[in-house]
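See below for the structure under consideration.
In this chain, numbering begins with 1 at the start of the sequence shown. For the numbers below, each heavy atom of this structure counts, side chains included, while hydrogens, waters and symmetry mates do not.
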Amino acid sequence: MPPSKINTVLAAAIVLFTLYLGLSFVLPLGTSFPGLPTWPSDDTGFPIVKGSREIAMGLAMGILLVTGHRRALGWVLLMTAIAPFGDMVNVLAHRGSTAAAFGVHGLTAALIAITGLLILRETGKARETAAPAPAAQLARG
């Protein structure tokens, strides 16, 4: 399987999981925040804020994936990796489970960042082969 297809499958999985996660916080599906010792109650607005953030990120990535803007998708994936990294820091700062912080949020951040880097690498190679060399442009001059 070509690397571009593997990258597409990884990106699609990230998009779908992000949308699912966001919806599970907004809709009453009983989702918890992995790693926090005490889950903020629904009246704090925490689940809606977290869910809205996840849905917005999922939609942004999904639109770029569907429309074929792969280089932009790579950059947005890198930017999106900051969210689970921040969740990891949040869990650690509030004396939550270290295993959940690194095992859930840290690995998620790493997977998203690696997928973004793979897509950027793929699109960077495509740019190199598509763009004419500057010397060739001068010779035609």
Side-chain angles (χ1 to χ4, degrees), residues 1-140:
M1 183 181 288
S4 63
K5 287 192 180 186
I6 293 170
N7 297 343
T8 300
V9 169
L10 287 171
I14 290 167
V15 167
L16 292 174
F17 181 73
T18 303
L19 289 171
Y20 166 77
L21 188 61
L23 288 172
S24 67
F25 281 106
V26 172
L27 301 175
L29 301 178
T31 299
S32 65
F33 191 76
L36 283 182
T38 56
W39 173 246
S41 65
D42 285 347
D43 62 348
T44 63
F46 182 78
I48 300 298
V49 170
K50 180 158 174 52
S52 298
R53 176 191 80 171
E54 300 291 334
I55 292 169
M57 290 185 314
L59 288 174
M61 292 182 293
I63 288 168
L64 292 172
L65 181 64
V66 169
T67 59
H69 292 90
R70 295 183 69 77
R71 188 139 184 94
L73 174 61
W75 285 111
V76 169
L77 281 162
L78 278 178
M79 180 274 312
T80 300
I82 294 170
F85 179 79
D87 293 342
M88 178 185 75
V89 171
N90 185 28
V91 169
L92 293 171
H94 290 91
R95 298 182 191 92
S97 165
T98 304
F102 290 109
V104 176
H105 303 294
L107 286 176
T108 300
L111 173 67
I112 294 171
I114 289 168
T115 302
L117 289 171
L118 288 171
I119 290 176
L120 286 173
R121 182 174 177 224
E122 163 201 326
T123 58
K125 286 182 181 179
R127 276 185 163 184
E128 289 172 12
T129 58
Q137 290 175 344
L138 292 174
R140 282 190 240 147

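Between the side chain of R71 and the backbone N or O of L120, at least one donor-acceptor pair lies under 3.5 Å. For the pair R70 (side chain) and S4 (backbone), a donor-acceptor distance under 3.5 Å is present.
Closest of all the heavy-atom pairs between L73 and A11 is CD2-CB, 4.0 Å. Residues T115 and L77 come closest through the heavy atom pair CG2-CD1, 3.9 Å. Minimum heavy-atom separation, I63 to T67: O-OG1, 2.7 Å. Considering every non-hydrogen atom in both M88 and G106, the closest pair reads SD-CA, 3.7 Å. For the pair L59 and L19, the tightest heavy-atom approach, listed with the atom from each and the gap, is N-CD2, 3.8 Å. Nearest heavy-atom pair, P47 versus F25, reported as atom, atom and distance to 0.1 Å: O-CB, 3.3 Å.
Rounding to the nearest 0.5 angstrom, the gap separating the NE2 atom in H69 from the CD1 atom in I119 is 14.0 Å. Distance CD/E122 to OG1/T8: 6.5 Å, rounded to 0.5 Å. Distance check, rounded to the nearest 0.5 Å: CD1 of I114 to CG of L78 gives 10.5 Å. The line from CG of L21 to CD1 of I14 is 13.0 Å long, rounded to the nearest 0.5 Å. Atom CH2 of W75 sits about 8.5 Å away from atom CG of L117, to the nearest 0.5 Å.
With a 4.5 Å cut-off on side-chain heavy atoms, K50 and D87 count as touching.
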